[in-house]
> 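Provided herewith is a single structure, encoded as C-alpha cells, for subsequent inquiry.
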Amino acid sequence: MSQPYIRSSRFLDLVICFIGIVVALALSHTFDLSERWIEFSESHEDWELDEVLIVCGAASVMFFWYALRRRNEFLREYDRRLESELKLQADIDTKKRMDDLSLLTAGIAQEYNNKLAVIMGNTELLAERLGPGVPETRHILDAAKHSAVLTHHLLAFSKQQQMFSKPEEMAQRLQEIIDKASQKYGSGLQFHCEIPDQFSHALVDRYHLEEAMMALIANAYDARLDDNRIEINCQAERREAPAQEPGMAATQKDYVRIDVQDHGKGMHEIIREQAFEPFFTTKDVGKGLGLGLSMVYGFAAQSGGFVEIQSELNKGTKVSLFLPAVQEAA
C-alpha cells in the first residue's frame, strides 16, 4: 500500500469519527436525550449499570476496530518498505559486483591488448621478411585480429571503449541494421517503430549501436524454438534513470527504448542475473564466448542508458535497450 493511500485512509477515519460525534451531539440536543436518559435511569435504576457497560463495550469495540485497521496498515507499510529496501540492497550489490568485475576486466583487456600489439607488429615484420607466400604468418595475424575483437568486447563491458556519440535518427538507423541482419538470419525479423518526432533521435555511436543490435539479434536467433519470429520494437519512453551511485535518488529521463524479443526457451532467474557477466554463456562449447550481452551492457551504460532483461522459461526472452533521447539532431 502506498503512503498517500494510508494517509488518506487515516484522514477518512478521523472524519468519520468526527462526523459521528457531531451527529450524536445533534441528536442529543434535538431530542433532549440527556433528560430522557435521566428519566429512564430513575425509572429503571437496576438498568443503570448495564447501560453504562453497554456503552463502554460499544466504545471498546470501536476502538478495537480502529486499532486493528491501524495495525494492518502498519504491517502492509512495513512489508512494502522492507521489499523496497531489499530490492535497493540487491541493486546495490549487483552494481558493486558489476563495477568490480568491470575493473578486473578492463585491467585484463588492456594488458592483453598490449601483448597483442607486440605480437601483431612483430608478425607483420616477419611476414615482410619471409614474403607474402608464407601461410603461418597469415594464420598468426588472423588469430591476433580475432583476439583483438575479444579485447574490444571486454573494453566495451568495462565502459572504456572509444565512442563517438552523436544524435542518430533511430527509425532509419535501426531499419538499416535490420536489413543487414535479415541478409544473414532470414525473413523472421519483424520491425515496428513508433517514435514521436521530438524523440526521434538518440545520442549514440552508430558503429557500436549496430554492433550491440547484431549481438542481440544473434542471441535471439540462437534461442528460437519452433517459432522463428524475432520481434524488434522501438518507442519513446520516460523512465527513471538508474542512480549513478547507490542510494542516490533516481531521476526521470526520456529514452528511446529498443526491444528485441524472441519466443524461445527463455532463461531461469539465476541465469538472468548472470547474463551480463563476460564469458557467461549457456550455449554449447564452441558456439559462443558469452561476450554479446556484456558488450551490450557496457555500450548502454557508456551511452548514458541501461539495459533490462525479461524472460520466462519456454516463453521467450525480451531484452530492452534504453538509449538517451534527444529532441533534435545536432
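Keep in mind it's a predicted model, so treat the numbers as computed, not measured.
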> Can you name the side chain to side chain contact (heavy atoms under 4.5 Å, CB included) partners of E269, sequence neighbours left out?
R272, E273
> Judged by modelled atom types alone, do H192 and Q235 share a side-chain donor-acceptor pair under 3.5 Å?
no
> Output every pair passing side-chain hydrogen bond (donor to acceptor under 3.5 Å, both in side chains) with a member in residues 296-319, not counting sequence neighbours, ordered by first then second residue.
R239-E308, S311-T317
> Sequence neighbours left out, what passes salt bridge (charged side-chain N to carboxylate O under 4.0 Å, His left out) with K115? Give chain and number order.
E111
> So which heavy atom on M267 is nearest to which on A275, and how close?
SD-CB, 4.4 Å
> For I119, check side chain to side chain contact (heavy atoms under 4.5 Å, CB included) against everything at least two apart and list the hits.
T123, I140
> Report yes if the side chains of V296 and F276 come closer than 4.5 Å at any heavy-atom pair, otherwise no.
no
> Would you mind reporting whether N219 and V319 have side-chain heavy atoms less than 4.5 Å apart?
no
> Only pairs at least two apart or in different chains count here, so list each side-chain hydrogen bond (donor to acceptor under 3.5 Å, both in side chains) that has a residue in residues 125-140.
none
> State which residues pass side chain to side chain contact (heavy atoms under 4.5 Å, CB included) with L82; sequence neighbours excluded, sorted by chain then number.
Y78, L86
> What verdict does the side chain to side chain contact (heavy atoms under 4.5 Å, CB included) test give for S165 and V204, after you've listed the backbone C-alpha separation in whole Å, the side-chain angles of each residue and the deciding distance to 0.1 Å?
CA-CA 4 Å; S165 298; V204 294; 5.5 Å; no
> Using the side chain to side chain contact (heavy atoms under 4.5 Å, CB included) criterion, which residues pair with A301? Sequence neighbours excluded.
K159
> What side-chain donor-acceptor pairs closer than 3.5 Å can you find for residues 207-215, not counting sequence neighbours?
from	atom 1	to	atom 2	distance (Å)
H208	ND1	D205	OD1	3.1
H208	ND1	D205	OD2	3.4
H208	NE2	Q161	OE1	3.1
E210	OE1	R173	NH2	2.9
E210	OE2	K180	NZ	2.6
E211	OE1	H152	NE2	2.9
E211	OE2	H152	NE2	3.2
E211	OE2	H153	NE2	3.4

> By side chain to side chain donor-acceptor pair (under 3.5 Å), which residues pair with D259, not counting sequence neighbours?
R257, S320
> Side chain to side chain contact (heavy atoms under 4.5 Å, CB included) between V307 and F299: does it pass, once the steps are laid out?
CA-CA 9 Å; V307 60; F299 161 71; over 6 Å; no
> Compare every heavy atom of L323 with every heavy atom of A202, then report the nearest pair and how far apart it is.
CB-CB, 4.2 Å
> Give, for atom CG of D262 and atom CD1 of I217, the distance between the pair rounded to the nearest 0.5 Å.
11.5 Å
> Are L174 and F191 close enough, and set up right, to give a side chain to side chain contact (heavy atoms under 4.5 Å, CB included), and what steps lead you there?
CA-CA 9 Å; L174 289 174; F191 177 56; 3.8 Å; yes
> For salt bridge (Lys or Arg N to Asp or Glu O under 4.0 Å), just list the numbers for E85 and R81, CA-CA rounded to whole Å, side-chain angles, deciding distance to a tenth of an Å, and then say yes or no.
CA-CA 6 Å; E85 290 176 1; R81 290 186 178 182; over 6 Å; no
> If you compare all heavy atoms of F199 against all heavy atoms of V256, which two are closest, and at what distance to 0.1 Å?
O-CG2, 3.7 Å
> Under 4.5 Å between any side-chain heavy atoms of V326 and P324, yes or no?
no
> Look up atom SG in C234 and atom CE in M170, then write down how far apart they are to the nearest 0.5 Å.
5.5 Å
> Residues two or more places apart in sequence or in another chain: which of them pass ring-ring contact (aromatic ring centres under 6.0 Å, His included) with Y221?
Y185
> Let me confirm one number: the CZ-OH distance from R238 to Y255, rounded to the nearest 0.5 Å.
10.0 Å
> Please tell me whether D179 and Q183 have a donor and an acceptor in their side chains that are separated by less than 3.5 angstrom.
no
> Going from CD1 on I178 to CD1 on I232, what distance comes out if it is rounded to the nearest 0.5 angstrom?
4.0 Å
> Holding to side chain to side chain donor-acceptor pair (under 3.5 Å), I want the full list of residues that pass it with Q261, two or more places apart in sequence or in another chain.
none
> With a 4.5 Å heavy-atom cut-off, do N233 and V260 have their side chains touching?
no
> Rounded to the nearest 0.5 Å, how far apart are CD of E169 and CD of E176?
9.5 Å
> Do L141 and L116 share a hydrophobic cluster (ILVMFWY, side-chain heavy atoms under 4.5 Å, transitive)?
no
> Looking at residues at least two apart in the chain, or sitting in another chain, which of them share a side chain to side chain donor-acceptor pair (under 3.5 Å) with D79?
none
